[in-house]
Participant: 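The structure's right below; bear with me while I get my questions together.
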4 protein chains.
Amino acid sequence: MVYWAADLDLVFTHAVSSRSMASKTQVGFVGLGNMGSPMAKNLLKHGYPVIATDVFPESCKELQELGAQILDSPAEVADKADRIITMLPSSPNVIEVYTGPNGILKKVKKGSLLIDSSTIDPAVSKEMALAAEKMGAVFMDAPVSGGVGAASSGKLTFMVGGVEEEFTAAKELLSCMGANVVYCGQVGTGQAAKICNNMLLAIGMIGTAETMNLGIRLGLDPKLLTKILNMSSGRCWSSDTYNPVPGVMEGVPSANNYQGGFGTTLMAKDLGLAQNTATNTKTPILLGSLAHQIFRMMCARGYAGKDFSSVFQFLREEEGHTF
Amino acid sequence: MVYWAADLDLVFTHAVSSRSMASKTQVGFVGLGNMGSPMAKNLLKHGYPVIATDVFPESCKELQELGAQILDSPAEVADKADRIITMLPSSPNVIEVYTGPNGILKKVKKGSLLIDSSTIDPAVSKEMALAAEKMGAVFMDAPVSGGVGAASSGKLTFMVGGVEEEFTAAKELLSCMGANVVYCGQVGTGQAAKICNNMLLAIGMIGTAETMNLGIRLGLDPKLLTKILNMSSGRCWSSDTYNPVPGVMEGVPSANNYQGGFGTTLMAKDLGLAQNTATNTKTPILLGSLAHQIFRMMCARGYAGKDFSSVFQFLREEEGHTF
Amino acid sequence: MVYWAADLDLVFTHAVSSRSMASKTQVGFVGLGNMGSPMAKNLLKHGYPVIATDVFPESCKELQELGAQILDSPAEVADKADRIITMLPSSPNVIEVYTGPNGILKKVKKGSLLIDSSTIDPAVSKEMALAAEKMGAVFMDAPVSGGVGAASSGKLTFMVGGVEEEFTAAKELLSCMGANVVYCGQVGTGQAAKICNNMLLAIGMIGTAETMNLGIRLGLDPKLLTKILNMSSGRCWSSDTYNPVPGVMEGVPSANNYQGGFGTTLMAKDLGLAQNTATNTKTPILLGSLAHQIFRMMCARGYAGKDFSSVFQFLREEEGHTF
Amino acid sequence: MVYWAADLDLVFTHAVSSRSMASKTQVGFVGLGNMGSPMAKNLLKHGYPVIATDVFPESCKELQELGAQILDSPAEVADKADRIITMLPSSPNVIEVYTGPNGILKKVKKGSLLIDSSTIDPAVSKEMALAAEKMGAVFMDAPVSGGVGAASSGKLTFMVGGVEEEFTAAKELLSCMGANVVYCGQVGTGQAAKICNNMLLAIGMIGTAETMNLGIRLGLDPKLLTKILNMSSGRCWSSDTYNPVPGVMEGVPSANNYQGGFGTTLMAKDLGLAQNTATNTKTPILLGSLAHQIFRMMCARGYAGKDFSSVFQFLREEEGHTF
């Protein structure tokens with residue numbers, strides 16, 4: 001819609017209102033992989049018509065059967081929907097989908113809301129936001145936490161960055177797919193929050209694995225040690241909710257040969273992002289850096305597809321010498 | 001007391017019973033420093049006559065005024081009390097106090113219960129237990145967690161290792177000084193549990209400091225980031241109970257220029273013990289090892305007397321260049 | 001020059017020959033900082049007319065007085081010279097100077113030889129080479145080793161990447177400024193070689209500093225320990241040519257309060273590049289990663305302008321406790 | 001021999017002279033393992049009658065056939081020889097052989113020279129020196145570098161600590177077994193020098209392996225990269241004399257599937273000693289600490305018996321993902 005307006009601000013505001021009022025209109029979705037597909041399904045479940053696309057046609061079939069309209073490119077999706085969610089593997093994919101020859105920004109309508117839930121470098125999120133702004137659209141980063149399980153059950157946590165006035169509109173959509181939708185600040189801070197959480201998680205998991213391994217070798221029963229840690233200052237999510245030692249806890253990957261869960265490769269990827277942002281901001285991250293190297297080594301040695309708590313297995317000694 | 005008994009076991013059992021029945025008899029206490037003094041005071045408060053000694057006579061004055069009997073050496077204390085608690089800085093002190101020329105074992109009575117609450121190498125605890133056993137006494141390791149504050153308020157956590165039959169007798173005494181008394185296993189496992197907890201704590205604290213620093217540099221508000229971490233998988237004691245960032249939490253050292261609390265030097269000492277036990281058992285502790293080095297460096301650079309959460313301050317960037 | 005030619009190859013070859021034959025024609029130089037200025041001076045000394053530019057006019061004065069022609073932008077330099085050397089601080093500068101609105105590629109002549117001696121991410125070198133190729137020019141990366149001293153005395157080492165046929169032409173120019181000009185392989189391998197060397201150097205320097213510090217604390221005389229290391233398997237350039245311990249060697253920064261030399265900030269920058277390339281290629285670099293973090297910390301704590309061997313000073317203990 | 005002497009000093013001096021004059025008298029040797037056996041053989045080759053013992057009788061056979069006299073315990077050897085060399089696996093063995101019930105000091109003659117070539121904690125060397133001094137004997141630490149190959153060919157390097165007046169006598173014997181005999185300072189400094197060298201070696205080897213791996217992944221030819229490193233500041237013994245990359249150098253373990261050489265387990269042991277001494281002297285060793293953890297991990301994962309340069313193999317990536 002075009003209005004007689006003095007400046008872009010008024011157009012934005014009006015576009016926002018338009019979006020807010022037309023809530024159950026179609027939502028675009030680009031990227032129908034392990035995470036994107038169940039997320040898009042949850043949008044459908046909440047009554048939103050979905051217009052989607054993915055580079056792999058096979059990924060689109062399931063959603064098509066559920067009633068989504070499948071188009072051929074992000075540009076075509078942008079032509080039809082003024083709210084679009086993207087869920088892609090990494091920065092180059094995001095750059096291509098937004099600014100490539102058949103990208104969203106080629107046909108995006110003024111005032112559109114673009115929400116990227118990929119986990120990428122916050123500097124790239126800021127670039128995309130600038131590019132979107134030039135086309136009169138609004139870009140927000142909203143990476144997720146929770147994995148495929150939470151994606152399916154609609155229990156993801158979204159960490160959102162962007163102009164605060166758009167948060168309500170974003171939240172409306174994201175609440176269909178998540179249990180927590182948190183506003184973090186300007187564009188890029190959603191990524192920052194996700195990257196920071198995962199770095200601390202990685203450090204906590206490796207720390208817990210090293211500690212449990214040491215305790216066991218010093219004669220402590222794993223369940224007892226876990227109990228002591230959890231009532232003391234050593235307590236962390238990895239020790240009390242996702243313990244890496246087989247037999248200590250049920251319903252976690254360590255109880256199931258480290259299948260499922262959050263893969264080592266994905267953790268290594270997130271730690272690579274943490275390292276990049278730390279290098280770019282000259283921030284020393286000694287443990288974070290080493291955690292990255294450890295998961296990188298694990299990827300090479302057969303742990304790539306296992307849950308990241310398999311670091312406990314990776315550390316276990318099998319030596320036969322006495323020195 | 002000597003009985004016609006077939007073997008040492010019977011003597012022990014009878015001695016234990018004797019101890020249990022004569023509960024409010026005098027308790028020996030060796031080591032009246034920052035921790036030992038308030039601990040001994042709590043024994044007095046609970047109605048136990050205390051017979052104590054310390055290498056520094058000045059340390060004994062306060063307790064003497066409160067009614068404790070001060071003797072000249074550990075041997076003399078052992079001559080008068082059949083339950084003794086020791087609280088000393090490190091392994092050499094423990095070895096001297098127990099097996100030295102004027103040590104406890106020079107005059108210890110058969111069946112005595114010896115509880116060492118120092119934090120030392122579990123291998124030394126095992127040595128002391130063997131030496132004590134030869135003299136017909138029982139030795140248990142019961143290192144503490146909680147610091148001088150918990151020592152004063154009687155809210156320490158004791159992690160106890162030794163023969164299980166003696167745990168009840170030990171617990172009776174330790175409950176005067178602590179809120180949690182946990183049985184961990186054979187001799188040395190109390191030390192093991194304490195060392196493991198503090199290693200995981202150190203890793204969690206440095207990880208939290210690195211993460212908060214990175215998040216702040218990426219534009220996140222510290223209180224918001226803390227909130228997000230604490231509702232997510234990054235959550236740990238250091239982020240939700242003892243946050244190292246000034247202004248995030250009240251009543252913790254970061255809110256008071258890192259005064260008080262648990263000193264960097266003490267943390268470095270505990271991590272040195274963790275490293276020793278790991279080396280001796282050939283256990284890889286990559287993050288634990290690096291955490292030890294970091295606190296060691298901090299000791300050298302003016303942080304020795306500050307609370308260990310001052311690692312956040314240590315990491316903060318003050319650079320002026322743009323590369 | 002334009003010739004009747006079937007394809008670009010022939011034009012290139014002829015252009016190369018033209019360049020080779022017209023050797024003492026003007027050479028362009030962009031970037032007249034600490035390194036670029038003495039490098040350009042050495043070109044002048046060898047009889048090459050120099051056409052130069054720098055974003056800071058003050059940087060151009062000295063060279064102007066020595067006879068160089070100063071122009072206003074890289075594009076203008078490219079218009080006048082068909083061999084250009086660039087020496088810039090980092091990737092963004094290189095991208096701007098080559099592909100920016102007033103960049104070299106805006107006016108570059110077909111067949112020009114572009115040699116970038118900046119130390120940047122090899123991926124960016126490859127991008128620039130592709131962009132240059134589209135304009136019919138040849139781009140080579142030729143980062144240097146040796147510092148400002150070697151730049152002045154013309155004793156730099158150049159590590160060159162690019163099409164092998166152009167190496168001779170590059171070598172002709174670079175030999176005016178360096179004592180070693182090594183061909184490393186395709187575009188980007190010059191950067192790779194430099195980054196790899198500096199990572200191993202950083203590891204060797206910190207390792208030497210830690211080792212010397214430990215030896216001194218164990219009662220060894222530093223000169224004797226250095227002698228032993230240098231006749232044994234511990235030997236490295238940092239121990240035998242650039243020892244970080246004051247008093248062990250003369251004529252090195254440690255003998256002069258760590259002034260001059262190769263700054264900590266520059267080393268941190270190079271290690272950031274190493275970390276980036278390692279992350280992008282999924283290569284585990286445990287010690288390299290930690291070395292990066294150590295120099296990053298030093299930058300923050302007052303060592304930014306000191307020679308990187310000041311890590312010895314950074315590690316030295318000044319603690320007063322006995323624990 | 002007993003003399004009318006005012007104090008121990010005179011007895012020592014006279015005993016030294018006695019020893020010096022009776023040079024080809026029998027030499028004791030305790031510990032006939034991989035290193036001790038070829039070392040003792042070299043003494044025999046140089047015309048010294050050898051009186052030896054080892055806990056494993058089978059280890060003594062070869063030497064017996066070559067003419068050595070085999071006795072049953074270190075004490076018996078001490079009874080017959082006033083110069084004794086010991087070569088044992090670790091501290092507990094040294095403590096037992098010197099101060100145990102059948103140890104050297106039980107029967108050592110006044111003025112005897114005791115040289116321990118084991119690699120152990122310098123604190124233990126100092127203990128043994130004190131114990132020996134009480135019995136009127138002189139103890140020196142003289143650990144070796146060079147491995148079984150150098151032991152056989154008599155090309156070991158000895159790093160000697162102890163009273164300087166005794167160095168000549170020690171050197172006389174050690175020169176039969178080594179090409180380099182270096183005086184390092186007071187007792188314990190021989191160990192210190194050895195430990196320091198091996199820590200720097202470990203750091204250099206891992207650094208070289210990481211660097212070569214990174215360079216290869218960035219497209220550099222390994223031989224070319226090695227050449228560049230060796231002419232630059234990255235140069236170290238591991239890159240120019242013992243390169244870990246198969247195909248770069250001949251005659252080193254990497255050219256022979258990492259067989260032979262200096263085993264990972266032995267390197268891990270030496271790094272454990274370095275870590276202990278660093279902890280005891282409160283010296284920060286960030287890279288040294290991590291190097292220790294890396295070799296410790298390798299021991300567990302099948303590299304225990306391989307040469308320590310197999311760290312290159314340990315680091316190599318075999319991942320199949322694209323993230």
Side-chain angles (χ1 to χ4, degrees), chain A residues 122 145 157 159 180 182 184-186 188-189 191-193 195-201 203-204 206-208 210-215 217-221 224-225 227-229 231-239 241-242 274 277-278 281-288 290-291 294 315 317 319, chain B residues 122 145 157 159 180 182 184-186 188-189 191-193 195-201 203-204 206-208 210-215 217-221 224-225 227-229 231-239 241-242 274 277-278 281-288 290-291 294 315 317 319:
Chain A
S145 187
T157 293
M159 286 155 279
N180 280 312
V182 186
C184 297
Q186 56 174 321
T189 58
Q191 297 294 351
I195 283 166
C196 284
N197 179 77
N198 280 19
M199 182 172 94
L200 188 51
L201 167 62
I203 291 169
I206 298 173
T208 300
E210 289 182 8
T211 298
M212 295 298 303
N213 193 22
L214 180 60
R217 291 173 142 273
L218 292 177
L220 288 163
D221 169 71
L224 176 64
L225 176 57
K227 209 173 107 184
I228 292 171
L229 293 173
M231 68 165 75
S232 311
S233 48
R235 168 179 61 75
C236 62
W237 185 88
S238 295
S239 67
T241 306
Y242 210 80
T277 62
T281 54
K282 301 180 177 32
T283 310
I285 52 164
L286 289 86
L287 295 195
L290 185 52
I294 292 169
L315 290 172
E317 200 90 345
E319 184 176 2
Chain B
S145 187
T157 293
M159 285 156 279
N180 279 314
V182 186
C184 297
Q186 55 175 320
T189 57
Q191 298 294 350
I195 284 166
C196 284
N197 178 76
N198 279 19
M199 183 172 93
L200 187 51
L201 166 62
I203 291 169
I206 298 173
T208 299
E210 290 182 8
T211 298
M212 296 298 303
N213 193 22
L214 179 61
R217 291 174 142 275
L218 292 177
L220 287 163
D221 169 72
L224 176 64
L225 176 56
K227 210 174 107 181
I228 293 171
L229 293 173
M231 68 165 76
S232 310
S233 49
R235 166 180 62 74
C236 63
W237 185 87
S238 296
S239 67
T241 307
Y242 210 81
T277 61
T281 54
K282 301 178 177 31
T283 309
I285 53 163
L286 289 87
L287 296 196
L290 185 52
I294 292 169
L315 290 172
E317 199 88 345
E319 183 176 4

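A, B, ... follow the sequence lines: proteins, then strands. Residue 1 opens every chain.
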Participant: Taking C-beta and beyond as the side chain, do A/Thr241 and B/Arg235 meet within less than 4.5 Å on heavy atoms?
Facilitator: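 When only atoms from C-beta onward are counted, B/Arg235 and A/Thr241 do touch, with a gap below 4.5 Å.
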Participant: I'd like to know whether A/Leu200 forms a side-chain contact (heavy atoms from CB on, under 4.5 Å) with B/Thr208, so could you lay out the CA-CA distance, the side-chain angles of the two residues, the decisive distance to 0.1 Å, and finally the verdict.
Facilitator: CA-CA 6 Å; A/Leu200 188 51; B/Thr208 299; 3.9 Å; yes
Participant: Identify which of A/Gly215, A/Cys196, A/Gly207 forms the greatest number of heavy-atom pairs closer than 4.5 Å to chain B.
Facilitator: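 Heavy-atom pairs under 4.5 Å are most numerous for A/Cys196.
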Participant: For B/Leu229, is it the side chain, the backbone, both or neither that has a heavy atom under 4.5 Å from a heavy atom of chain A?
Facilitator: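 For B/Leu229, heavy atoms of backbone and side chain both lie under 4.5 Å from chain A.
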Participant: If you measure from CG on B/Leu218 to OG1 on A/Thr283, what distance do you get to the nearest 0.5 Å?
Facilitator: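 Those atoms lie 6.5 Å apart.
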Participant: Do A/Ile206 and B/Leu286 pass the side-chain contact (heavy atoms from CB on, under 4.5 Å) test, and can you show the C-alpha distance, the side-chain angles, and the key distance before you say yes or no?
Facilitator: CA-CA 9 Å; A/Ile206 298 173; B/Leu286 289 87; 5.9 Å; no
Participant: A/Leu224 versus chain B, heavy atoms under 4.5 Å apart: side chain, backbone, both or neither?
Facilitator: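 Only the side chain of A/Leu224 comes within 4.5 Å of chain B.
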Participant: In Å, rounded to the nearest 0.5 Å, how long is the span from SG of B/Cys236 to CH2 of A/Trp237?
Facilitator: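 Here the interatomic distance stands at 13.0 Å.
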Participant: How close do B/Gly219 and A/Thr189 get, counting heavy atoms only, and between which atoms?
Facilitator: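 Looking at all heavy atoms of both residues, the shortest contact is O-CG2, 3.8 Å.
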Participant: Taking B/Glu210 for the side chain and A/Leu287 for the main chain, is one N or O donor matched with an acceptor at less than 3.5 Å?
Facilitator: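 Answer holds: yes.
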Participant: Please rank B/Ile294, B/Asp221, B/Leu201 by heavy-atom pairs under 4.5 Å with chain A and give me the top one.
Facilitator: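 Option with the top pair count is B/Leu201.
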Participant: If you count heavy-atom pairs within less than 4.5 Å of chain A, which of B/Ile203, B/Asn198, B/Leu225 leads?
Facilitator: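 Maximum pair count with chain A is reached by B/Ile203.
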Participant: Is B/Met231 in contact with chain A via its backbone, its side chain, both, or neither, using a 4.5 Å heavy-atom distance?
Facilitator: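 Just its side chain gets close to chain A.
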Participant: Which pair of non-hydrogen atoms, one from A/Asn197 and one from B/Gly234, has the smallest distance, and what is that distance?
Facilitator: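 Looking at all heavy atoms of both residues, the shortest contact is OD1-N, 2.9 Å.
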Participant: For A/Thr157, is it the side chain, the backbone, both or neither that has a heavy atom under 4.5 Å from a heavy atom of chain B?
Facilitator: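 For A/Thr157, neither part sits under 4.5 Å from chain B.
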Participant: Check side chain to side chain contact (heavy atoms under 4.5 Å, CB included) between B/Ala193 and all other residues, then give those that pass, not counting sequence neighbours.
Facilitator: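 Listed in chain order: A/Leu220, A/Ile228, B/Met159, B/Cys184.
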Participant: Do you know the tightest heavy-atom contact between A/Asn213 and B/Pro284?
Facilitator: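 Heavy atoms only, the tightest pair is ND2-CD, 4.2 Å.
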Participant: Determine whether B/Leu214 and A/Thr281 satisfy the following criterion, side-chain contact (heavy atoms from CB on, under 4.5 Å), listing intermediate values before the conclusion.
Facilitator: CA-CA 8 Å; B/Leu214 179 61; A/Thr281 54; 4.1 Å; yes
Participant: Going by heavy atoms in the side chains, are A/Ser232 and B/Asn180 under 4.5 Å from each other?
Facilitator: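 No, too far: nothing below the 4.5 Å cut-off.
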Participant: Suppose we screen for side chain to side chain contact (heavy atoms under 4.5 Å, CB included). Which residues come up paired with A/Ala274, at least two apart in sequence or across chains?
Facilitator: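 With sequence neighbours excluded, A/Ala274 shows a side chain to side chain contact (heavy atoms under 4.5 Å, CB included) to A/Ile195, A/Met199, given in chain and number order.
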